[in-house]
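Here is the naming used below: chain letters follow the sequence lines, and residue numbers restart at 1 for every chain. Just so it is clear, the values below take in all heavy atoms, side chains as well, and ignore hydrogens, waters and symmetry mates.
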Amino acid sequence: MPVHVLPRDGKQKNTVPTHLTVIPIPLICINTDFTGKAVKGNVSWKGPLVSLPEDNFVIKVVIEGKDDSPSTSINVILFGHLAKDFYSAAKIADVVVASGFTVGKSPTAHKDKLHPYNLLLKGDNAFIYAPRPAKIVKYTYTKIADLKAGTVVNVYGVVVFFKPPYQSRGTDICSSVNIIDQSNRKVCCTIFCAKITAHPQILRVGDIIRMHRLKAQSFNGTLNLISTAGFSVVTFDGAVDRPIEPRTSCRSFVFDEDDRLTVEELRSWAATNSVLPPTQMVVLSEVQPNTFFDLTCQLLAKATVDSNCVMLRVWDGTRCPHKMLNVVPDPNSTDGPTSFPDQQKDFILNIFVYDNHVQQAEQLKPGDFLRVYNIHASLGSDKEPGVRVDTGGEGCHLTLALHGGTSYGKGIQVIPETSPDLMDMKRIMNNIVDDIKDSPSDSDMLDVWVTPPESPDCLLQFCIGRMCTHRLQSVSLAEVKQSDPGGRHHVRVQLKSYEPQLLYQSLKLHCSECLTLQEVPDDDAVARIFEEALGDSRLSSPAWLIPIPISSTHRSKMAYVFRQVATNVRSNGGLLLRGCTLEEACQLTTLVTNVVPVRESEGRIALLDLTAPFLFRGKRRFYGCKHCSNAQLVVPQWQGVHTINEELVAKAFGIQMLKYVLLFKLELQDATGTLDALLWRDAETFFSVSADDAATNQEAQDNIRQTMDFLCPQEGSKAERPWLEVCLATYQPDDSQNQTCYQICDTTVHRPA
DNA sequence: GCTTAGGGTTGG
């Protein structure tokens, strides 16, 4: 094969075979023998592979030398299998070396302003040295029985014991995991990483784990494994029938067919060889006194008891048969509701969390799904520190405690809401909530008039909560109105009404430079701009498409007709589009990633008026600020760029890009009155929807609609208005000295999966 | 750059 491949990553990166002498591209001329000579440069443009009759191929590329003089870029035409191999082996920006070429007159020199001659690579003497594609890293895994002290290894195993991550006495977070594999040996692994996200995401004993770069060392006569620099980990559900979904925070990791097989083998080996210890997982209805157990549950509220103890109020949808302490937490130190509907009370248990676990417990939010490991269920003591206890006249109660320390894997983990492990529990919880809704008791009705009721919806189906970290007591809206601007308040409110009712009107464009908000231009306005740009050009010439090359200086002057260029353009990044309607442009966006609409102005190509999007990327449209842009169509300089995105385009053309934002005015109410608050800066957090998505994506729009319908049920709906815990910021806008404005911040609406 | 932990409870 005439395409010789050089390693991309090794020291030979720029090696030219010793028998060749590299000559500068400007020295290329005709009537000269270039035997033993080579040309070196990077690929700045690569045309499509053109298939010819009789299994022949041709490809045209541009190679750019290092100097800046205009004649350093030269067209290179490759024929036959050389063309085919080069097409798949080399990409833009690769450094290549060509030899054995002949020199011809470049027929396109007057148009493309490149080198007056071109290089023709054809026949057995022609060579082009291209780099080998990035080496695919293949990891090897050591069986546990084969571990040797002092070696750094990669391992696979089944988790038989683990400690969820906890703060060590040093600088890192520590987690422990013990694994076994088919070699039937167990090994203890200790992982130190500063970031919690780099730790294994183990959800239960039996999970499959893969770890890279662990060092085997001897301690007390036994080998163990400890994380080293570059440690990485992926975990998988251990159940045979579940899909193999890697749990990792690592953005790029290798997972191939062999890995899939390894996971499957470990799963079935563990399933058939009873290698796992009996589960400690128990539901609340099965809790026995004087035992230790693991619990999967949802956090409803939490209350600080003292500096060494936090009480978690949880449920798992089952009823605990034992008599519990009736704890009345102090509302001032409670996060989440302090009272619950009578029918739900039976399901709620309190877990006292001590010492080193307090810090972690404080990070938890009502609504979180948790796994609490090694809870101690004990009978007895009526005395809990710092909380008022109603013993109901009897002495023996069940107390649940997560004691200090990490022995037996004691700890708390938040379980991803989408985890399949939660499905059954969530279904049971939903049934309970539905039952409660269907049979409101008199006492609940009474409660409505005394204190705002805790809607079960609010706790389970839509858990609304503040995400801010500051701790403030809830205040009334009347108190907020009396306060000085510039502060933050937590309020407990209902949503009385909101604007705009038509959701698409809430979508605006914001300029981060001049800070103005603008309406999103409607299609009619944009279509008119396209029509104006069309002018008479349509009658005289076809719609021209001008590919935006990724890495070339002079290519944009080349024009192609649609069909010829569509595939080429897709691989090159984008195109400039002239002479078509908005509708046609939209059709084209399904074929080409980046479409920049342009017009002809005094014989030159220019950008459209900025009322129209300056860029179409699929369904997404990007607009520029008319005040802050200095828009000019120039030949973009994108050396070495592999993907063109909106930022690159905006920067190249001097456009100050506008960002989509959502803007609502919410009328909040509580017993003391109403207050208008803006939902804007943190609207994306509030809805868990990006404004970009809301601009293009029906699902995102539906999400917003559903959230609004829930918070503020439509006329005729039986649903009650839920109470919300909201964080409000008060401020004085720059342009008005006397007016105080309110904005909702750091508040989110959690919705069910 | 080095250390952290090194499973195995019974309590507030």
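- Whole-Å rounding puts the A:Gln217 CD to B:dT4 P distance at 11 Å.
- The backbone N or O of A:Val153 lies less than 3.5 Å from no partner atom in the side chain of A:Thr151, so there is not a single donor-acceptor pair.
- Using a 4.0 Å heavy-atom distance criterion, A:Thr171 is classed as a base contact.
- Under the 6.0 Å distance and 45° angle rule, A:Lys143 does not count as a cation-pi partner of A:Tyr156.
- At a cut-off of 3.5 angstrom, counting only N and O atoms as typed in the model, there is a donor on one side and an acceptor on the other between the side-chain of A:Asp355 and the base of B:dG12.
- A:His403 qualifies as a stacking partner of the B:dG11 base, centre to centre under 5.5 Å and near-parallel within 30°.
- Note on A:Arg169: a side-chain N or O is less than 4.0 Å away from OP1 or OP2 of B:dA5.
- Looking at A:Asn308, its side chain has no donor and acceptor atom pair within 3.5 Å of the base of B:dG12.
- Between A:Phe192 atom CZ and B:dG6 atom C1' there is a gap of 8 Å when expressed in whole angstrom units.
- Residue ring and base: A:Phe352 does not count as stacked with B:dG12 (centre distance below 5.5 Å and interplanar angle below 30° not both satisfied).
- Between A:Tyr354 and B:dG12, a base-stacking contact is recorded: ring centres under 5.5 Å apart, planes less than 30° from parallel.
- The shortest side-chain heavy-atom distance between A:Phe369 and A:Ser419 does not fall under the 4.5 Å cut-off.
- Under 4.0 angstrom from either OP1 or OP2 of B:dG7 there lies no side-chain N or O belonging to A:Lys186.
- Whole-Å rounding puts the A:Lys215 NZ to B:dT3 C1' distance at 14 Å.
- Taking the syn range as angles within 90° of 0, the glycosidic angle of B:dG7 is outside it, so the base is anti.
- The aromatic rings of A:Phe292 and A:His376 lie parallel to each other, their planes meeting at an angle below 30°, with 60° marking the opposite boundary.
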